[in-house]
Q: 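First, the structure itself, so that you have it in front of you.
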Protein chains: 2
Amino acid sequence: MPNAPTEPTAKEDLPHPLAAEPIQLRSIGHLRRFRREQDIYGQDERSDTLYRVVSGSACKYLMRADGRRHLVDVYLPGDLFGLTCRAHHKFAVRAVADGTQIACYSRQRVEALAGEDLATATEIRTQSFEAIRRLQEQMLIVGTMTAQEKVLEFLVYFHDRTSTGRDDRLALPISRYDIADMLGISAETVCRAFTNLQERGVITLQGPRRITFRRR
Amino acid sequence: MPNAPTEPTAKEDLPHPLAAEPIQLRSIGHLRRFRREQDIYGQDERSDTLYRVVSGSACKYLMRADGRRHLVDVYLPGDLFGLTCRAHHKFAVRAVADGTQIACYSRQRVEALAGEDLATATEIRTQSFEAIRRLQEQMLIVGTMTAQEKVLEFLVYFHDRTSTGRDDRLALPISRYDIADMLGISAETVCRAFTNLQERGVITLQGPRRITFRRR
DNA sequence: CGCCCAATTGAACTGCATCAAGATTCGTGG
DNA sequence: CCACGAATCTTGATGCAGTTCAATTGGGCG
């Protein structure tokens, strides 16, 4: 995996300001491996488990009765998901990359642990705050009017999330269709936006999923 | 304002499954009152305070350099906001209703309290999870393709958040412009959607902000 | 009662969805 | 290593939904 192990060492405003997984939390988790497109949990499933991406990536989505799909979040290594206080999930989460590894924790045991282990409690709180931040940021993007801007802002947002340091390249883990379903526009429009951005010299495409930012 | 004065005291069937404000938390807070449109905190402000809506309503937003405004969340009585682990806010939060009352808590003291008082820790976690839920739900709405649907889904969503029991009426605390800035469409389109929904017999308007749902 | 801001409606233009072909890329097996 | 096939991605043409600009109406508060 290209992701460097995240240092907890101080730099304020890291993409993930994550402490390492608390030792206590690690002790109650077990690892599972998922294939591409395989559901980690389904819509309406009971929410009795907490999850963490160890390697690969996953996305939270909802399928509508009419076949439309909505993507509401993408999870990268280190991210906790399944954070809810409701008994059932509304969304599903599936692996994006093949061979995605997920650590699973029993909700009951995590909750008990959060009551006694400060590191675990802090980790959950921090991760929740980060999820809120991500969603708000994404809301800005999706709420933007023109499709051009949506796509560009999405790329910048995703670059900020994945890049360590000053690399102006970006490797997209997701497809054009995923981006479309995330931004509420058609896949064709996403393509055209990519083409336009390249023509305008904002980005360069090495491959369909390898992007370099030119001027910011 | 049509908003009835809201009691912090528990009422069955609350929209959020919130425990009452933990007694320990209450003890470290102080109350402030805000006028309509008055900022509770501003963009880039240091995030050293936590807030709770006691009465009235507030919204989180961001102003772009070009004058465009994005609304990412609305806070109703009982909601905690200012939940972040970053040093500075990215968004601002302002009062929507006139005379909105906000309880303010020092972040430092809340964090210390969360380490020793289980009720406070649980409350913060629960509120964070609810914020995540709200944002995901809203993402679904904003990510929908047609403006018609966006507006209708928004109304239903808001009705679910505010209504206690089986009342099919809805009193909107926010303007058409606010809705537009929340959904990423123009205010005119919001109006036309309202008109269409009324013509189609889905809703009835008593006043511009008093809505009744006909068939669901 | 009248003012002012919010909400509504109208008309013209434009950006995006949709349908329909092509062109790449990538995985798979020969 | 190359060839093949199936996704994925890209591009084109057309119609409609939504933006924009402009004017009018209506409701709420002084």
Side-chain angles (χ1 to χ4, degrees), chain A residues 35-37 59 64 66-71 96-99 141-152 154-155 170-200 203-211, chain B residues 1-3 35-37 59 66-71 96-99 141-152 154-155 170-200 203-211:
Chain A
R35 292 190 311 276
R36 203 171 77 96
E37 311 241 308
C59 69
R64 289 266 170 90
D66 57 13
R68 285 183 300 179
R69 191 183 56 149
H70 288 267
L71 252 159
V96 173
D98 205 44
I141 298 169
V142 180
T144 299
M145 277 195 186
T146 79
Q148 282 272 328
E149 286 177 310
K150 285 191 199 185
V151 171
L152 178 55
F154 173 79
L155 291 179
L170 169 63
L172 278 180
I174 62 178
S175 73
R176 300 284 189 269
Y177 291 90
D178 293 333
I179 299 175
D181 289 344
M182 204 147 186
L183 302 181
I185 59 183
S186 72
E188 292 92 332
T189 300
V190 175
C191 275
R192 286 184 240 273
F194 270 97
T195 308
N196 273 343
L197 289 171
Q198 197 171 17
E199 284 171 355
R200 284 168 44 203
I203 60 170
T204 316
L205 296 172
Q206 274 73 47
R209 300 209 184 172
R210 304 210 141 267
I211 295 149
Chain B
M1 279 292 107
N3 290 66
R35 293 190 310 277
R36 200 172 78 95
E37 311 242 307
C59 68
D66 58 13
R68 283 182 302 178
R69 191 183 56 150
H70 289 268
L71 249 157
V96 173
D98 207 43
I141 299 168
V142 180
T144 300
M145 275 194 186
T146 80
Q148 284 272 329
E149 285 176 311
K150 286 191 199 186
V151 171
L152 178 55
F154 174 79
L155 291 178
L170 168 63
L172 277 180
I174 62 178
S175 73
R176 299 284 189 270
Y177 292 91
D178 292 334
I179 298 174
D181 290 344
M182 204 147 187
L183 302 182
I185 57 182
S186 73
E188 290 92 333
T189 301
V190 175
C191 274
R192 286 183 240 273
F194 270 97
T195 309
N196 273 344
L197 289 171
Q198 198 170 16
E199 284 172 354
R200 284 168 43 201
I203 61 169
T204 316
L205 295 172
Q206 275 74 46
R209 302 211 185 170
R210 305 208 141 266
I211 296 149

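So you know, we letter chains A, B, ... as the sequences are listed, proteins then strands, and number each from 1.
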Q: List every contact pair, protein side and nucleotides 2-7 of chain D side both N or O, where the distance is under 3.5 Å.
A:
none

Q: Would you mind reporting whether A:Leu197 and A:Gln148 have side-chain heavy atoms less than 4.5 Å apart?
A: yes

Q: Just how large is the angle between the end axes of the helix from C:dC1-D:dG30 to C:dA21-D:dT10, five pairs per end, to 10 degrees?
A: 50°

Q: Rounded to whole angstroms, how far apart are CZ on B:Arg176 and P on D:dG26?
A: 15 Å

Q: Can you check each nucleotide of nucleotides 14-25 of chain D against protein heavy atoms at under 4.0 Å and return B for base, S for sugar-phosphate only, - for none, in 5' to 3' order?
A: ----SBBB----

Q: Identify, with sequence neighbours excluded, every residue that meets side-chain hydrogen bond (donor to acceptor under 3.5 Å, both in side chains) alongside B:Arg35.
A: none

Q: Under the side-chain hydrogen bond (donor to acceptor under 3.5 Å, both in side chains) test, which residues partner B:Gln206, sequence neighbours left out?
A: B:Thr212

Q: Between residues 193-200 of chain B and DNA chain C, which residues have a heavy-atom gap below 4.0 Å?
A: B:Thr195

Q: Listed by chain and number, what are the ring-ring contact (aromatic ring centres under 6.0 Å, His included) partners of A:Phe194, not counting sequence neighbours?
A: none

Q: Quickly work out the B:Ile211 CD1 to D:dG27 C1' distance and round it to whole Å.
A: 15 Å

Q: Is any side-chain heavy atom of B:Ser175 closer than 4.5 Å to one of B:Arg209?
A: yes

Q: Please determine whether side-chain contact (heavy atoms from CB on, under 4.5 Å) holds for the pair B:Ile185 and B:Val151, giving the CA-CA distance in whole Å, both sets of side-chain angles, and the decisive distance to 0.1 Å.
A: CA-CA 10 Å; B:Ile185 57 182; B:Val151 171; 4.1 Å; yes

Q: Along DNA chain C, 5' to 3', what are the outermost nucleotides having an atom less than 4.0 Å from a heavy atom of chain B?
A: C:dA6 to C:dA11

Q: Say you draw a straight line from CE of A:Met182 to CD1 of A:Ile179; how long is it, rounded to the nearest 0.5 Å?
A: 9.0 Å

Q: Considering only heavy atoms from C-beta outward, does the side chain of B:Ile211 approach that of B:Thr204 to under 4.5 Å?
A: no

Q: What pairs with A:Thr144 under side chain to side chain contact (heavy atoms under 4.5 Å, CB included), at least two apart in sequence or on another chain?
A: A:Glu149, A:Lys150, B:Arg64, B:Arg68, B:His70

Q: Check side chain to side chain contact (heavy atoms under 4.5 Å, CB included) between B:Ala187 and all other residues, then give those that pass, not counting sequence neighbours.
A: B:Tyr177, B:Ala180

Q: How far apart are the closest heavy atoms of B:Pro208 and B:Leu205, and which atoms are they?
A: O-CD2, 4.5 Å

Q: For A:Glu199, check side chain to side chain contact (heavy atoms under 4.5 Å, CB included) against everything at least two apart and list the hits.
A: A:Thr195, A:Asn196

Q: Just so I know, are the side chains of B:Leu155 and B:Leu172 near enough to count as touching, which here means a heavy-atom distance under 4.5 Å?
A: yes

Q: Between A:Asp98 and A:Arg36, which heavy-atom pair has the shortest distance, and what is it?
A: OD1-N, 2.7 Å

Q: Under 4.0 Å between any heavy atoms, over every strand shown, what does A:Arg210 touch: base, sugar-phosphate, or nothing? Just pick one.
A: nothing

Q: Excluding sequence neighbours, so at least two apart, what forms side-chain hydrogen bond (donor to acceptor under 3.5 Å, both in side chains) with A:Arg69?
A: A:Asp178, A:Asp181

